[in-house]
> 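One structure is given below, represented as structure tokens, and several questions about it will come after.
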Amino acid sequence: MAHLVIDIGNSRTKFAIFYRRKLAESGTIEKLDTIQLSRLLDNHKITHSIISSVNDEINKLEDLLKERTKYIRFSASLKAGVINKYKSPETLGLDRFAGVIGAKSLFPDTNCLVIDAGTCITYDAVDNAGVYEGGSISPGLKMRLKAMHKFTGRLPEVELSDYADWRGYDTPSAMLSGVLNGCTEEVRGMIEIYRSRYPGLLVILCGGDAIFFDTRLKNSIFAHTLKTAPDLVLIGLNEVIEQQ
């Protein structure tokens with residue numbers, strides 16, 4: 001059976017083709033339309049599909065998937081091996097919950113912490129019994145740089161780059177140093193907090209900015225817990241199909 005997994009975000013759409021639990025292909029599209037979707041369905045003989053979307057303007061895509069596949073619209077009410085104890089599941093970010101499901105499917109008997117470094121940095125733990133109770137959200141790297149420019153009178157707008165020094169020597173490099181080093185220490189501290197509560201914790205790092213933290217933490221005492229998983233959300237969405 002071929003599964004089509006689609007994650008529609010604010011600025012781009014990610015997709016993946018799975019044959020059961022084996023990832024065969026993945027990619028990114030600026031905006032998915034029915035012509036592109038039909039091509040994916042034809043090329044891979046898709047039998048099952050799922051969409052996770054931040055908006056509701058997907059009726060045409062859903063109609064096509066319902067017509068040609070066994071279709072699921074992802075929501076936080078779907079379990080897929082995870083017991084969701086979030087007090088307001090209707091407000092839980094779908095990417096956060098899909099990442100937790102993905103972590104549980106990859107490491108079913110392990111306490112896991114998913115750190116997703118994207119627009120925001122999110123921290124979500126699922127225990128070895130599959131229980132998810134919540135997590136934390138903080139501003140991402142680019143958001144912090146933009147906030148300093150927007151909410152001050154003189155700080156410039158600085159593009160994110162891999163600045164390695166522990167301090168800056170002019171205003172742009174000082175901002176980069178503060179954001180990158182500050183966020184790294186935040187991540188390190190959050191890992192320590194979660195490790196104190198979850199024995200044998202496995203940390204899974206994903207998201208577009210994961211590389212900035214991976215390179216800074218790989219020589220630290222946390223290195224043995226750090227794994228990168230760029231397709232974790234897609235893996236989680238596919239797991240929903242598998243368990244329906």
Side-chain angles (χ1 to χ4, degrees), residues 1-10 12-29 31-86 89-90 92-110 112 114 116 118 122 124 126-132 202 204 206-207 227-244:
M1 292 191 297
H3 303 166
L4 173 60
V5 171
I6 301 170
D7 178 24
I8 301 175
N10 290 308
R12 60 179 182 168
T13 295
K14 293 179 286 186
F15 74 91
I17 308 296
F18 289 85
Y19 292 97
R20 299 302 303 254
R21 288 187 172 92
K22 183 178 180 181
L23 178 61
E25 179 184 334
S26 64
T28 301
I29 300 172
K31 186 175 182 179
L32 182 66
D33 58 32
T34 54
I35 295 174
Q36 294 166 317
L37 180 57
S38 293
R39 191 177 300 121
L40 286 171
L41 295 173
D42 291 337
N43 291 345
H44 298 278
K45 298 180 179 179
I46 302 298
T47 59
H48 295 68
S49 63
I50 187 169
I51 288 181
S52 173
S53 178
V54 298
N55 62 69
D56 294 322
E57 302 299 320
I58 57 171
N59 292 340
K60 291 182 180 179
L61 299 177
E62 287 191 311
D63 289 344
L64 181 57
L65 291 174
K66 289 175 183 177
E67 178 184 334
R68 298 186 54 182
T69 72
K70 187 174 181 181
Y71 170 71
I72 300 169
R73 185 167 186 174
F74 182 61
S75 74
S77 65
L78 297 170
K79 295 181 180 179
V82 172
I83 301 167
N84 187 357
K85 291 190 174 182
Y86 204 69
E90 68 280 359
L92 176 60
L94 296 181
D95 53 347
R96 292 174 63 195
F97 192 49
V100 165
I101 294 172
K104 194 61 188 171
S105 70
L106 292 173
F107 308 102
D109 301 314
T110 305
C112 294
V114 178
D116 191 336
T122 58
D124 292 288
V126 57
D127 70 16
N128 53 15
V131 177
Y132 169 71
L202 177 69
I204 304 170
C206 60
K227 293 183 180 292
T228 56
D231 297 312
L232 187 66
V233 169
L234 301 176
I235 291 169
L237 293 173
N238 184 64
E239 189 64 22
V240 173
I241 294 177
E242 284 289 326
Q243 296 202 28
Q244 296 303 302

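A quick note: this is a predicted structure, and the numbers were derived from the prediction, not measured. Values below: all heavy atoms of this structure, side chains included; hydrogens, waters and symmetry mates excluded.
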> For Asp63, give me all partners under side chain to side chain contact (heavy atoms under 4.5 Å, CB included), at least two apart in sequence or on another chain.
none
> Restricting to side-chain hydrogen bond (donor to acceptor under 3.5 Å, both in side chains), what partner residues turn up for Ser77, sequence neighbours left out?
Ser75
> What pairs with Ser53 under side chain to side chain contact (heavy atoms under 4.5 Å, CB included), at least two apart in sequence or on another chain?
Ile8, Ile51, Asn55, Ile58
> With Asp7, which residues qualify under side-chain hydrogen bond (donor to acceptor under 3.5 Å, both in side chains), at least two apart?
none
> State which residues pass salt bridge (Lys or Arg N to Asp or Glu O under 4.0 Å) with Arg73; sequence neighbours excluded, sorted by chain then number.
Asp56, Glu62
> Does any pair with a residue in residues 92-106 pass salt bridge (Lys or Arg N to Asp or Glu O under 4.0 Å), and if so which ones, sequence neighbours excluded?
Arg96-Asp124
> Applying side chain to side chain contact (heavy atoms under 4.5 Å, CB included), name anything that partners Pro89, two or more places apart in sequence or on another chain.
Ala76, Asn84
> Not counting sequence neighbours, list each pair that qualifies as a salt bridge (Lys or Arg N to Asp or Glu O under 4.0 Å) and has a residue in residues 38-49.
Asp42-Arg68
> With respect to Phe74, which candidate in Ile101, Val233, Ile241 satisfies the side-chain contact (heavy atoms from CB on, under 4.5 Å) definition?
Ile101
> Going by the rule side-chain hydrogen bond (donor to acceptor under 3.5 Å, both in side chains), which residues pair with Thr110 if we only count those two or more places apart in sequence or in a different chain?
none
> Ser52: what forms a side-chain hydrogen bond (donor to acceptor under 3.5 Å, both in side chains) with it, not counting sequence neighbours?
none
> Given 3.5 Å as the limit, does a donor-acceptor pair link the side chain of Asp127 with the main chain of Val131, or not?
yes
> If the condition is salt bridge (Lys or Arg N to Asp or Glu O under 4.0 Å), which residues does Asp109 pass it with, not counting sequence neighbours?
none
> Which residues pass the salt bridge (Lys or Arg N to Asp or Glu O under 4.0 Å) test with Arg21, not counting sequence neighbours?
Glu239, Glu242
